[in-house]
Peer 1: 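One structure follows; several queries about it will come next.
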Protein chains: 2
Amino acid sequence: MNLEEVAKRAGVSTATVSRVLNNIDVVRNATRVKVLRAVQELNYHPNLHARTLAGGKSRTLGMIVSNMENPFFFDVFRTLEADARLQGYDVFLANTDYRPEQLTRSIRLMIGRRVAGLAVVVSEMDADLIQELTNSKIPTVFYDVGTATRNISNIRVNYRRGIEQVVEYLHSLGHRKLAFIGHHSALGPTSEREQAFLDTVSRYAPGAEWRTAADQDGLEGGRSAARELLATGFRPTAIICVNDFVAAGVLRELRQHGLRVPQDVSVTGFDNIKLSEFCCPPLTTLHIPRDRIGHLMFQFLAPETHTGKPPGKEIMIDPELILRESTGPAASE
Amino acid sequence: MNLEEVAKRAGVSTATVSRVLNNIDVVRNATRVKVLRAVQELNYHPNLHARTLAGGKSRTLGMIVSNMENPFFFDVFRTLEADARLQGYDVFLANTDYRPEQLTRSIRLMIGRRVAGLAVVVSEMDADLIQELTNSKIPTVFYDVGTATRNISNIRVNYRRGIEQVVEYLHSLGHRKLAFIGHHSALGPTSEREQAFLDTVSRYAPGAEWRTAADQDGLEGGRSAARELLATGFRPTAIICVNDFVAAGVLRELRQHGLRVPQDVSVTGFDNIKLSEFCCPPLTTLHIPRDRIGHLMFQFLAPETHTGKPPGKEIMIDPELILRESTGPAASE
DNA sequence: TTGAAAGCGCTACCAG
DNA sequence: CTGGTAGCGCTTTCAA
């Protein structure tokens, strides 16, 4: 089933069918009607590959995330996709599950599809891959990794500042035994997040004891990490979690151990995903505006469709401390 | 950047480059090396559209879901994608947000991309669309909607049986004032789920009072619906939720109202998503094996890659009652 | 083992 | 307003 068959059936040329399908309004109305009828009758669906190939342009954006299961990523995707759709773009989603080989594969796939723009929201990026993307000339926006170049923009969150706010706050509440729970890819040697925690503790809470632990991202990961942490015998009065998703798992494990939050131990998250308000108790966390990030990404990737001025090449977002019920004064010994 | 440039640089024909890139091992090794070097140096990425167009085949599956935010859908996707990748397929994901026009758009898009197979995991399907898919000849598998035909398979969950188990169980615990909380698309006039609830109540719990409410799918939706329900003054001793995601929101609202679960009111979910174990209290729910569903979908869509016999055209899955702490005996008046 | 060339289905330009 | 046709970049015979 192709243009030619439709053309034949409608008694016109393929060029005309193409015009009708692309809403080019030089076509006489009677002709248009004939064509549309033929399309209907034949249940014709234009081959998008042929279209893209012939047209040269793509009208498709790509987005790569580490873990769609974490609502944080979904929220960004949702906004990006909504903006995109409004301008007639589609968005391809790829999920890497924190696996580097999957990341490589996905990036190659996106380049192969000649996406009009690519949003990469993953924890870690290999330098070679960044180079590959740079060479590809595809407008790209990274979240929290890489550096801006000709075709690459950057959105980052001032994670360090967020951690500082939390450590300061907990310190002011009297907490002196702290723990940080991350997930494996956020707790590598190079991790900004773990480093931010360590630096901040030694600066704002010099006398404090601390411990770190990590497992996977997610509920189960948070739970395991908490279990592991408690198994060491260390009894923190406050646990700082790399994100809300992990924190929700931590809360569960603490409950299991009969530890009350916040009376026995305070817990904080990061991101302010919807789930954080639904935890029990609701999480003290740091808000990161996912919708703003999604909008910015679209602007970076499709600047021509946007009226305002381009936002520049690099944007830093400050998280905002949200106090809820999972934190309180340190229990006196 | 295209095959020809690579061919020129490597001093061979485009046909040879194509052979190398497709791992057709008639190519002499020296030649292969030359080609691969050229590919490297030029940072060449084959145009996937051209490839699909020329090759005729697609090696890509599509999946359409109503709400990727609900972990249920993500779990199915994860399994399907893993199976697919193992066999060299990619999976396109589309999210409809429960919007019919989005569904239509996504289906057309998938047909236009000539996907090798399509999994449709949405709540409601218009008959015309089903027809369109049937005509398209694309191997398709529906979840919980439609009927099997030549190219369409079907996986359904015996939702009714699940609801029966829950209602019976609650009835046996002495509950006589029941409520059902759905989400809009699950509570339409045609909804199997609401209907299952109503039928079952009148059959297993004839004297029981009942009420239904609904909002969006998700945490916030569950919460609103619960708020609305309580605002009517009705005080159910048990609330049956359309799924776990909604139930988690319901729990939150009950807590807000000072209602203890399960002492004051029992709550049940459906799906047994990971989150259900992390709620407070953990949810009594009905298990639906998402991994099995994902595997089955892949088998339906790419039977040739699978060794075992094809599973037939239609499969019914029975949910399994999982008892946790969110249910208990009805409070005496 | 390699090359030449005919499409795949569509768009876009040039005529008419 | 409509038709003819040259590609888009790749795969796949058919020959060599």
Peer 1: To the nearest angstrom, how far is A/R51 atom CZ from D/dC8 atom P?
Peer 2: 19 Å
Peer 1: Find the distance B/N23:CG to D/dT11:C1' and express it as a whole number of Å.
Peer 2: 15 Å
Peer 1: Quickly work out the A/I24 CD1 to C/dA12 P distance and round it to whole Å.
Peer 2: 7 Å
Peer 1: Of all the nucleotides listed (C/dA5, D/dG3, C/dG9), which has the minimum atom distance to the side chain of B/T14?
Peer 2: C/dA5
Peer 1: Base, sugar-phosphate alone, or nothing: which one does B/T52 contact when heavy atoms must sit under 4.0 Å apart?
Peer 2: nothing
Peer 1: Please confirm whether the shortest side-chain N or O distance from A/S18 to OP1 or OP2 of C/dT11 is below 4.0 Å.
Peer 2: yes
Peer 1: Can you see if the side chain of A/R28 gets near the phosphate of D/dC1 - specifically, an N or O under 4.0 Å from OP1 or OP2?
Peer 2: no
Peer 1: A/A54 has a side chain; which of D/dC8, D/dC10, D/dC14 sits nearest to it?
Peer 2: D/dC8
Peer 1: Let me know, please, whether A/H49 or B/S13 comes out on the 5' side of the other along DNA chain C by nearest nucleotide.
Peer 2: B/S13
Peer 1: B/V26 near the nucleic acid: base, sugar-phosphate alone, or nothing, with a heavy-atom cut-off under 4.0 Å?
Peer 2: base
Peer 1: Is any side-chain heavy atom of B/N43 less than 4.5 Å from a side-chain heavy atom of B/M1?
Peer 2: no
Peer 1: Indicate, yes or no, whether a donor-acceptor pair under 3.5 Å links the base of D/dG3 to the side chain of A/R19.
Peer 2: yes
Peer 1: Assign A/G55 to base, sugar-phosphate, or nothing according to its heavy-atom contacts below 4.0 angstrom with the strands shown.
Peer 2: sugar-phosphate
Peer 1: Taking any heavy-atom pair under 4.0 Å as a contact, classify A/V17: base, sugar-phosphate, or nothing.
Peer 2: nothing
Peer 1: Roughly, in whole Å, what's the span from CG in B/L42 to P in D/dG9?
Peer 2: 14 Å
Peer 1: With respect to the side chain of A/L3, which nucleotide from C/dC10, C/dG9, C/dT2 is positioned closest?
Peer 2: C/dC10
Peer 1: Give the rounded distance in Å between these two atoms: CG of A/L53 and C1' of D/dG7.
Peer 2: 9 Å
Peer 1: D/dG3 phosphate, OP1 or OP2: any side-chain N/O from A/K8 under 4.0 angstrom?
Peer 2: no
Peer 1: Using distance alone, with no hydrogens and no angle criterion, decide if B/Q87 and B/D83 have a side-chain donor and acceptor under 3.5 Å apart.
Peer 2: no
Peer 1: Please lay out, stage by stage, how A/Q131 and A/N135 fare under the test side chain to side chain contact (heavy atoms under 4.5 Å, CB included).
Peer 2: CA-CA 6 Å; A/Q131 191 55 50; A/N135 294 340; 3.1 Å; yes
Peer 1: Kindly say if A/K57 contacts the phosphate of C/dA12, meaning a side-chain N or O under 4.0 Å from OP1 or OP2.
Peer 2: yes
Peer 1: Once you round it to whole Å, what is the distance between P of D/dT11 and CG of B/N2?
Peer 2: 12 Å
Peer 1: Examine A/Y98 together with A/H183 and report whether their ring centres are nearer than 6.0 Å.
Peer 2: yes
Peer 1: Testing B/T79, B/I317, B/V76 one by one against B/R292 for a side chain to side chain contact (heavy atoms under 4.5 Å, CB included), which residue passes?
Peer 2: B/I317
Peer 1: Assign B/T16 to base, sugar-phosphate, or nothing according to its heavy-atom contacts below 4.0 angstrom with the strands shown.
Peer 2: sugar-phosphate
Peer 1: Measure from CG on A/N22 to C1' on C/dT11 and round the result to the nearest Å.
Peer 2: 8 Å
Peer 1: Between D/dG9 atom P and B/E5 atom CD, what is the distance in whole Å?
Peer 2: 9 Å
Peer 1: Are B/D291 and B/R78 close enough, and set up right, to give a salt bridge (Lys or Arg N to Asp or Glu O under 4.0 Å), and what steps lead you there?
Peer 2: CA-CA 8 Å; B/D291 51 350; B/R78 191 211 297 276; over 6 Å; no
Peer 1: I want to verify a distance call: between D/dC8, D/dT2, C/dA4, whose nearest atom is closest to the B/A15 side chain?
Peer 2: C/dA4
